[in-house]
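Below, chain A is the first sequence line, B the second, and so on; all start at residue 1.
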Number of protein chains: 2
Amino acid sequence: METRPTGLREQKKQATREALRAAALRLALERGPDNVRVDDIAEAAGVSPRTYNNYFSSREQAIVAAVTGEREARVAAAVAGRPADVGLAEAVIEAIVDQYTDPGQPGCDALLLITTRPALRDEFVDAAAAIEHPLSDAIAQRLGHTGRHTTARVLAASVAAAVRLALREWLQTTAASSTTSGLVLPSGSLPDLLRTTLAPLTPALDAAERQAGRRPPQ
Amino acid sequence: METRPTGLREQKKQATREALRAAALRLALERGPDNVRVDDIAEAAGVSPRTYNNYFSSREQAIVAAVTGEREARVAAAVAGRPADVGLAEAVIEAIVDQYTDPGQPGCDALLLITTRPALRDEFVDAAAAIEHPLSDAIAQRLGHTGRHTTARVLAASVAAAVRLALREWLQTTAASSTTSGLVLPSGSLPDLLRTTLAPLTPALDAAERQAGRRPPQ
DNA sequence: GACAAAACTTGCGTGCACGCAAATTTGCGT
DNA sequence: ACGCAAATTTGCGTGCACGCAAGTTTTGTC
């Protein structure tokens with residue numbers, strides 16, 4: 001669905017990106033995140049240190065990317081994939097909750113690592129901003145091409161902002177409880193938090209849908 | 001209203017901050033933004049280079065701060081100051097439009113400088129994120145202490161996101177037109193852009209207000 | 001199959017953000 | 001007026017992001 005440039009080149013690029021992600025996560029888990037320099041990651045991935053910064057613009061980005069994977073694209077696909085007769089608000093909220101609900105433990109130790117270091121927490125939260133553009137496209141598609149393109153972008157940006165609020169809150173309480181009690185990961189509350197922060201946006205999503213839907217008739 | 005620490009200390013801090021802002025803007029206008037190093041700004045302000053980074057965490061921040069001033073606080077104050085009988089949505093939108101409507105030309109040449117350099121544009125847009133917390137407090141106050149505190153934060157974050165979208169669009173078209181035609185600053189369209197991006201959030205703001213208002217009765 | 005253009009990698013140099021700890025300044029009680 | 005404690009400034013060292021200009025690999029064309 002997305003293969004603009006020819007094959008071999010893109011293939012190698014993804015391989016390098018993946019190698020960097022894997023190396024970054026492995027080294028961070030082995031030695032602790034503060035004892036890993038960019039040069040180490042590059043060396044472990046078999047590329048030049050300069051090349052690292054062609055793929056990731058900060059040291060933390062590779063580690064977080066290894067955990068989050070391609071969540072943004074999956075969220076957008078999930079929104080587009082919901083049946084057309086459910087409300088936009090419900091479609092968006094459920095799609096997001098689904099994607100952020102832990103599927104097994106793809107990196108439970110990695111999450112614990114992220115919650116520990118402030119820099120990694122910030123990067124993890126900021127990474128959620130990447131859902132904005134794909135989500136904007138998905139919402140625009142649901143609203144139909146008649147509606148204002150700007151509306152979709154505003155709604156997507158608002159949803160992304162709400163998600164970031166939820167993640168911040170989640171990481172904060174998580175970090176607090178792991179210092180007081182002891183190393184607990186209350187992952188169960190994340191879906192609830194997401195629903196809570198997304199709820200206030202429901203009226204805006206519904207209104208946009210109603211307005212777009214009213215276009216063809218009358 | 002806000003003088004937690006004793007006077008003289010805070011006074012000097014603000015003086016230093018202002019000196020850095022002024023020096024940064026002046027030098028950027030004189031030599032062009034790329035020919036100004038952090039050391040130059042610090043020297044012009046009479047402080048150590050290291051001290052600069054105690055006040056601003058990036059080189060661009062001081063320049064942008066010199067232009068934007070304390071806009072965040074004024075937005076929050078403007079929201080709080082609107083009469084209680086106008087809708088929340090209207091209060092927020094009008095307050096923001098007012099504050100972003102150019103009052104004379106406090107830095108027309110400075111704006112031209114900012115639109116030129118991508119790094120400064122980014123910093124200018126990101127600076128709008130600072131309205132989030134003050135605005136959150138102002139909205140919470142209008143919703144009354146009975147409402148969910150989270151709702152106010154989500155709405156404030158969404159509004160901030162919408163504002164950033166408007167600014168981005170504005171700077172983009174501005175930059176485009178200054179290369180094609182010649183150095184035009186279509187500042188007149190900013191209010192319209194802001195209303196357009198904020199409009200989709202009106203239903204959410206109204207709904208929150210209705211829900212909070214329904215608390216005391218019934 | 002060879003060639004030219006485009007895309008990617010690499011090395012280098014520069015300026016920068018920031019942790020840390022010593023030195024300095026400010027606030028306040030006595 | 002004096003001195004102690006807290007806040008702030010400063011110098012230093014480290015790692016990092018990124019522009020730039022080669023050098024290298026891939027792609028599409030003749």
Tell me which nucleotide among D/dC16, D/dT9, C/dT10 gets nearest to the side chain of B/Tyr55. D/dT9
If you measure only the distance, is there a donor-acceptor pair under 3.5 Å linking the side chains of B/Arg74 and B/Gln99? yes
Complementary nucleotide of C/dT30, counting Watson-Crick and G-U pairs under 3.5 Å: D/dA1
Ignoring backbone atoms, test whether A/Lys12 places a side-chain nitrogen or oxygen under 4.0 Å from the OP1 or OP2 oxygen of C/dC8. no
Mind checking if A/Phe56 touches a base, just sugar-phosphate, or nothing, with heavy atoms under 4.0 Å? nothing
Between P of D/dG13 and CG of B/Asn53, the distance in whole Å: 18 Å
Using whole Å, what does the distance between atom P of nucleotide D/dC18 and atom CZ of B/Arg59 come to? 13 Å
Counting just side-chain N and O atoms, does A/Arg9 come under 4.0 Å of either OP1 or OP2 of D/dT26? no
Looking only at atom types and distance, does a side-chain atom of B/Arg21 sit under 3.5 Å from a main-chain N or O of B/Thr16, one as donor and one as acceptor? no
Is it the case that more than 12 heavy atoms not belonging to A/Glu43 sit under 6.0 Å from its CD atom? no
For atom CD of B/Gln11 and atom C1' of C/dT25, their distance in whole Å: 15 Å
Closest to side chain of A/Asn54, choosing from D/dT9, C/dT9, D/dA17: C/dT9
B/Glu10 CD to D/dT8 P, in whole Å, measures 8 Å
Quick one: label A/Tyr52 by what it contacts on the DNA or RNA (base, sugar-phosphate, nothing), any heavy atom closer than 4.0 Å. nothing
Write down the distance between CZ (B/Arg117) and P (D/dG19), rounded to a whole number of angstrom. 13 Å
Would you indicate what B/Arg50 reaches in the nucleic acid, counting non-hydrogen atoms under 4.0 angstrom: base, sugar-phosphate, or nothing? base
Distance below 4.0 Å between A/Thr51 side-chain N/O and C/dT10 OP1 or OP2: yes
Main-chain N/O of B/Glu132 paired to B/Ser136 side chain as donor or acceptor, under 3.5 Å: no
Provide, to the nearest angstrom, the distance between the CG atom belonging to A/Asp34 and the C1' atom belonging to D/dT14. 13 Å
Given 3.5 Å as the limit, does a donor-acceptor pair link the side chain of A/Thr151 with the main chain of B/Pro200, or not? no
Distance in angstrom units between A/Arg17 CZ and C/dC8 C1', rounded: 13 Å
Please report, rounded to the nearest Å, how far the P atom of C/dT14 is from the CG atom of B/Asp39. 14 Å
I want to check one thing: is the phosphate of C/dG11, taken as OP1 and OP2, less than 4.0 Å away from some side-chain N or O of A/Ser48? yes
